[in-house]
2 protein chains.
Amino acid sequence: MMAASLNSTPENNMLKLDNQLCFPLYAVSRMLTKAYQPYLLALDLTYPQYLVFLLLWEQESLTVKQIGEKLLLDSGTLTPLLKRMEQKQWVSRQRDPHDERSVVIGLLPAGRALQAQACQIPEQILTKLHMSPTEFTALRTQLNQLLSQLT
Amino acid sequence: MMAASLNSTPENNMLKLDNQLCFPLYAVSRMLTKAYQPYLLALDLTYPQYLVFLLLWEQESLTVKQIGEKLLLDSGTLTPLLKRMEQKQWVSRQRDPHDERSVVIGLLPAGRALQAQACQIPEQILTKLHMSPTEFTALRTQLNQLLSQLT
DNA sequence: CAATGTTTAATTGCACACAACTAAATTTTT
DNA sequence: AAAAATTTAGTTGTGTGCAATTAAACATTG
């Protein structure tokens with residue numbers, strides 16, 4: 001009886017903002033990006049550019065395609081973003097001689113130098129979140145599971 | 001000894017993409033928006049426009065400021081978005097006679113009619129997530145807590 | 001090896017996000 | 001009430017995101 005009434009009216013609870021999962025995800029994502037802002041601004045970085053650096057600091061050289069696969073971004077987003085990073089002399093962009101279709105993004109000295117300044121950012125963000133390491137890991141795990149469902 | 005070494009090297013684990021909370025949040029948020037895409041496209045809606053409707057379907061009339069407070073968006077985002085929704089005859093935009101600074105957004109019949117078509121979207125998304133109601137609620141609660149920390 | 005199909009970036013166009021600024025209306029203070 | 005401060009949208013400019021298209025390079029197939 002009650003189960004049937006869950007969707008019996010157009011104005012059912014499912015459409016209330018407070019009952020959505022999508023909204024807090026959307027909002028937390030943007031607010032967390034904003035929390036990074038002051039630290040990234042000091043390095044003249046945007047948030048997606050910071051994510052590209054997280055990859056390049058682990059592996060100095062990646063193709064646009066590899067970056068796109070890891071960050072789930074396509075060339076329409078990455079090409080202009082990487083061109084801006086190239087203008088700032090942070091990365092190099094050159095065709096792979098073995099496969100001219102690919103563009104290899106390489107970390108330049110100025111880009112490598114940013115790592116030393118960025119390495120304290122995660123801890124400072126973590127402080128803002130007021131989360132225990134347990135909560136942090138649990139939430140990350142849940143989100144990663146959800147991510148694998150959605151990709 | 002070990003504790004000190006956690007940050008002793010620039011190439012520490014904190015800067016690895018896999019250890020970040022920010023990336024899965026950012027990625028899940030975008031992928032979830034993409035999951036809504038086919039349903040929203042059928043209604044000629046974008047995702048943020050859908051969020052505005054979630055509010056207006058609960059309360060037929062809201063000022064730009066009230067919408068901004070609930071969705072955590074400013075007028076730079078909302079003004080053009082709401083103008084597009086006005087062009088489609090979904091909402092009205094008019095100055096509040098009692099306070100000419102405010103612009104009241106009102107739900108028009110065409111906008112109200114969309115609710116009937118949208119009311120099945122949440123369930124269909126929920127199916128895609130493969131989450132139990134318990135997991136769903138727990139994640140939503142955690143995200144809402146995080147959101148309150150970040151605002 | 002020529003034709004076809006696939007892969008990879010780049011380009012184009014649209015819609016957010018958001019910082020910074022402007023301008024009008026309202027409120028508060030003097 | 002006049003001046004100053006605040007509130008509220010709108011505007012401008014930059015940087016994503018992403019769908020759709022294009023073009024070049026490579027791979028596959030007959």
Side-chain angles (χ1 to χ4, degrees), chain A residues 22-23 26-38 40-42 44-52 62-69 71-88 90-91 93-105 150-151, chain B residues 22-23 25-38 40-42 44-52 62-69 71-88 91 93-105 150-151:
Chain A
C22 61
F23 174 65
Y26 161 81
V28 168
S29 176
R30 287 185 300 115
M31 292 304 107
L32 189 51
T33 300
K34 243 185 217 175
Y36 277 85
Q37 263 291 111
L40 297 179
L41 196 62
D44 193 27
L45 272 174
T46 66
Y47 181 72
Q49 289 168 7
Y50 170 71
L51 293 180
V52 170
L62 289 165
T63 66
V64 172
K65 179 169 177 54
Q66 289 173 317
I67 294 173
E69 282 171 352
L71 299 185
L72 304 175
L73 293 170
D74 73 1
S75 66
T77 301
L78 288 175
T79 297
L81 185 155
L82 293 167
K83 280 183 177 173
R84 283 187 283 269
M85 294 179 74
E86 184 189 31
Q87 277 178 3
K88 292 177 194 281
W90 290 333
V91 302
R93 289 170 67 248
Q94 43 196 338
R95 295 278 165 185
D96 181 347
H98 300 306
D99 186 341
E100 295 270 344
R101 290 172 303 181
S102 296
V103 168
V104 179
I105 305 300
L150 290 169
T151 51
Chain B
C22 61
F23 174 65
L25 262 169
Y26 162 81
V28 168
S29 176
R30 286 186 299 115
M31 294 305 108
L32 188 52
T33 300
K34 243 185 217 173
Y36 277 84
Q37 264 290 112
L40 297 180
L41 196 62
D44 191 28
L45 271 175
T46 66
Y47 181 72
Q49 287 169 6
Y50 170 71
L51 293 181
V52 170
L62 289 166
T63 65
V64 172
K65 177 166 180 54
Q66 289 173 318
I67 294 173
E69 281 172 352
L71 301 184
L72 304 176
L73 293 170
D74 72 2
S75 66
T77 300
L78 288 175
T79 297
L81 185 155
L82 292 168
K83 281 184 177 173
R84 281 187 285 270
M85 294 179 73
E86 183 188 31
Q87 276 178 4
K88 292 175 193 285
V91 301
R93 290 169 69 249
Q94 44 196 335
R95 295 277 164 183
D96 182 346
H98 301 305
D99 185 343
E100 294 271 343
R101 290 172 304 180
S102 296
V103 168
V104 178
I105 305 301
L150 290 168
T151 50

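Everything quoted here is computed from the prediction, not taken from an experiment. Note on naming: letters A, B, ... go to the chains in the order of the sequence lines (proteins, then strands), and numbering restarts at 1 for each one.
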Closest contact, heavy atoms only, Tyr50(B) versus Leu45(B):
N-CD2, 4.2 Å
Heavy atoms under 4.0 Å, any strand shown: does Thr77(A) hit a base, just sugar-phosphate, or nothing?
base
Please classify the nucleic acid contact of Ser102(B) as base, sugar-phosphate, or nothing, using heavy-atom distances under 4.0 Å.
sugar-phosphate
Taking salt bridge (charged side-chain N to carboxylate O under 4.0 Å, His left out) as the test, write out the residues that go with Glu69(A), two or more places apart.
Lys65(A)
Passes side chain to side chain contact (heavy atoms under 4.5 Å, CB included), Arg30(B) versus Leu73(A)? Steps please.
CA-CA 10 Å; Arg30(B) 286 186 299 115; Leu73(A) 293 170; 3.3 Å; yes
Which heavy-atom pair separates Arg93(A) from Ile105(A) by the least distance, and what is that distance?
CG-CD1, 3.4 Å
Just to be sure I understand the rule, does Thr63(A) reach a base, reach only the sugar-phosphate, or reach nothing, if contact means heavy atoms closer than 4.0 Å?
sugar-phosphate
Please find the pair of heavy atoms, one from His98(A) and one from Asp96(A), that lie closest to each other, and give the distance.
N-OD1, 2.8 Å
In terms of the nearest nucleotide of DNA chain D, which residue is placed more toward the 5' end: His98(A) or Arg84(A)?
Arg84(A)
Taking all atoms of both residues into account, what is the closest heavy-atom pair of Pro38(B) and Ala35(B), and its distance?
CD-O, 3.5 Å
Find which nucleotide of DNA chain C each of Gln49(B) and Lys34(A) is nearest to by heavy atoms, and output the residue with the more 5' nucleotide.
Gln49(B)
Pro48(A) or Val64(B): which one's nearest nucleotide on DNA chain D is closer to the 5' end?
Val64(B)
Using a heavy-atom cut-off of 4.0 Å across all strands, would you classify Asp74(A) as base, sugar-phosphate, or nothing?
base
Between which nucleotides of DNA chain C, read 5' to 3', does contact with chain A run, using atoms under 4.0 Å from its heavy atoms?
dT7(C) to dA19(C)
In terms of the nearest nucleotide of DNA chain C, which residue is placed more toward the 5' end: Val104(A) or Tyr26(A)?
Val104(A)
Using a heavy-atom cut-off of 4.0 Å across all strands, would you classify Leu78(A) as base, sugar-phosphate, or nothing?
nothing
Students should find that the nucleotides of DNA chain D closing off the region near chain B, any atom under 4.0 angstrom from a heavy atom, are dT7(D) to dA19(D)
How close do Ser75(A) and Pro80(A) get, counting heavy atoms only, and between which atoms?
O-CD, 3.9 Å
Roughly how far, to the nearest 0.5 Å, is CG of Leu32(A) from OH of Tyr26(B)?
12.5 Å
When rounded to the nearest 0.5 Å, the distance separating OG1 of Thr79(A) from CG of Asp74(A) is 8.5 Å
